[in-house]
Q: 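Mind looking over this structure? Questions follow.
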Amino acid sequence: MSVTEPIWTPSSWRLLQAHHQPAWPDPALAARAVERIRMMPPLVFAGEARKLRGALAEVAAGRAFLLQAGDCAESFNDFSAITIREKLKILLQMAAVLTYGATLPVVKVGRIAGQFAKPRSAPTEIVDGVELASFFGHVINGDEATVAARTPDPERMVSGYHQSAATLNLLRAFTKGGFADLTQVHTWNKDFVASSPEGQRYEEFASEIGRALRFMAACGIDLGSERSLHEVDVWTSHEGLLLDYEEALTRRDSTTGDWYDCSAHMLWIGERTRQPDAAHVDYFAHVHNPIGVKLGPTTTAAEALELADRLNPDRIPGRLTFITRMGAERVRDLLPPLLRAVAEAEHSVVWICDPMHANIFKTASGIKTRHFDAIMAELDGFFEACWGEGAWPGGVHLEFTGEDVTECLGGSATVFEEQLNHRYETLCDPRLNARQSLDLAFRVAETMRQRDAVPSRTA
Ligand code: PEP
Ligand code: CO
């Protein structure tokens, strides 16, 4: 920071243009809610964010893989131990498939414990002939189609904080308390998945892991004392969209004096709020968490470099993740120039692929969906583009649910268009169901296995 630059504070973003922020009907009430959250304990602490940054540095170096996944929008209504456990199960299953299948450490980051605020393409929508404010996520307004529900209510930020705290508490208990123990690998297979082809494949695979563990024990390795077999780190993340809320949880780390956004371990900047001179980029440039940025099809190489310069001027490995979402048809053309520019500028970036957000379409009957084949096609294009440029394809960013929903089409146990109505429960974007998620993990693990056969420019 130059000497002439004014001292930064967590509220400095207010001097800049902040896109996609709610119009609270009474700003004084919003200020009071921010003040109350500011007095509450942080949800994560700086040392954890630094530990995640270290894990992501391994991804940046091509020695690990990032699995970032969870809901499009968490719900205040569908909030229970069961929904948290079911999401965790599928995350652990996918991570096990990737770790064992691709023989790589997998950094596990949930879109969870705070993924509430949504940017929308239009501020209003017409429902049954009535114009209503769009649904902006439960931390801002309600999803019910009434004027009252859609009115932004700052009290929801306080509820969002408490729900995040409770979710994180259970996640910590599950991941450190035995549920994520690798000897439990069979129990993560859910009833409705177990009978499907992916579920059966997973069963065989879990048995193989069991055999590998018994083999190691037979060789004399003391598995009981190996912490990494019994506990895992599952980190939290969400889109850092609602700056009132992020500001309220921004704290100065007592050991380093640096600012951290203590609402989650990792935050990302969305495709619609990544303008280099606007509030979001400025805010995240000043907090020290690992930061992601979504890069959509309009991103130029110059923009990617400007973001890297602003968000990671010291080129710290693991600090910056670019989450590309180009679309299945265009990823092979649009991604290589970005990869090349970042490599030539010698920036350290983790590249991961979000194959969800540029592959959305509406069916003839108006249902928002994605096709599993398009999701896989974007992933294939991402891997090819990275390998072609000698970059490390560092991971995937997905929207899934542990439930047996019918929101995305296709997959090996195909969901057909006429079935979308059966269980279409998402508050926002269509999510992969548990079977589709597992299917995807097996396919990505197979692709990663081929990596040794692919020539790399940097190797
Ligand atoms: C999202 O991740 O839910 C999202 C809104 O993505 P994007 O910013 O890439 O459109
Ligand atoms: Co989404």
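All ligand and atom numbering here is 1-based and tracks the order in the structure. Predicted model, so just to flag it, every value in this text is computed and none were measured.
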Q: Given Arg431, which partner from the list Glu403, Glu407, Glu74, Glu399 fulfils the salt bridge (Lys or Arg N to Asp or Glu O under 4.0 Å) test?
A: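 Answer to the salt bridge (Lys or Arg N to Asp or Glu O under 4.0 Å) test with Arg431 among Glu403, Glu407, Glu74, Glu399: Glu407.
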
Q: Which atoms from ligand 1 have a heavy atom of Gly270 less than 4.0 Å away?
A: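 Counting from 1, the qualifying ligand atoms are 8 (O).
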
Q: Is there a heavy atom in Lys118 that sits closer than 4.0 Å to ligand 1?
A: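 Under 4.0 Å: yes for Lys118.
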
Q: Parallel, tilted or perpendicular: which fits the ring planes of Phe76 and Phe116, with parallel below 30° and perpendicular above 60°?
A: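 The arrangement is perpendicular - the two ring planes meet at more than 60°.
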
Q: Look only at interatomic distance and state if Glu399 has a nitrogen or oxygen under 3.5 Å from any nitrogen or oxygen of ligand 1.
A: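 By distance alone, the answer is yes.
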
Q: What is the total of protein N/O/S atoms that are closer to the Co ion (ligand 2) than 2.8 Å?
A: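 Excluding waters, the total comes to 4.
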
Q: Is the NZ or CZ atom of Arg201 both under 6.0 Å from the centre of the six-membered ring of Phe442 and within 45° of that ring's axis?
A: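 The answer is yes; both the distance and angle limits are met.
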
Q: What is the nearest protein non-hydrogen atom to atom 8 (O) of ligand 1, stated with its residue, atom name and distance?
A: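 Ranking protein heavy atoms by distance from atom 8 (O) of ligand 1, first comes Glu271 N, 2.9 Å.
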
Q: For Leu29, I'd like to know if atom CG has over 12 heavy atoms of other residues, nucleotides or ligands within 6.0 Å.
A: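 Yes, because the 6.0 Å sphere around CG of Leu29 holds more than 12 heavy atoms from other groups.
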
Q: For atom CZ of Arg38, is the number of surrounding heavy atoms from other residues, nucleotides or ligands below 6.0 Å larger than 12?
A: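 Incorrect, the count does not exceed 12.
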
Q: Does the side chain of Ser237 reach to within under 4.5 Å of the side chain of Trp268, using non-hydrogen atoms?
A: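 Side chain of Ser237 against side chain of Trp268, heavy atoms only: contact under 4.5 Å found.
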
Q: Tell me whether the rings of Phe383 and Trp387 are parallel (<30°), tilted (30 to 60°) or perpendicular (>60°).
A: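 Plane angle between 30° and 60°, so tilted.
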
Q: Which residue, Phe65, Trp392, Phe322, forms the ring pair (Phe, Tyr, Trp, His ring centres under 6.0 Å) with Trp351?
A: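 Answer after filtering Phe65, Trp392, Phe322: Phe322.
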
Q: Evaluating non-hydrogen atoms only, which member of Arg325, His357, Arg111 is closest to atom 9 (O) of ligand 1?
A: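 Result: the heavy atom closest to atom 9 (O) of ligand 1 is in Arg325.
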
Q: Taking only Lys NZ, Arg NE, NH1 and NH2, and the carboxylate oxygens of Asp or Glu, determine whether Asp261 and Arg251 approach each other closer than 4.0 Å.
A: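 Answer for the salt bridge query: no.
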
Q: Would you indicate which of Arg120, Lys294, Arg272, Gln68 comes nearest to atom 10 (O) of ligand 1 when only heavy atoms are counted?
A: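 Looking at heavy atoms only, the winner is Arg272.
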
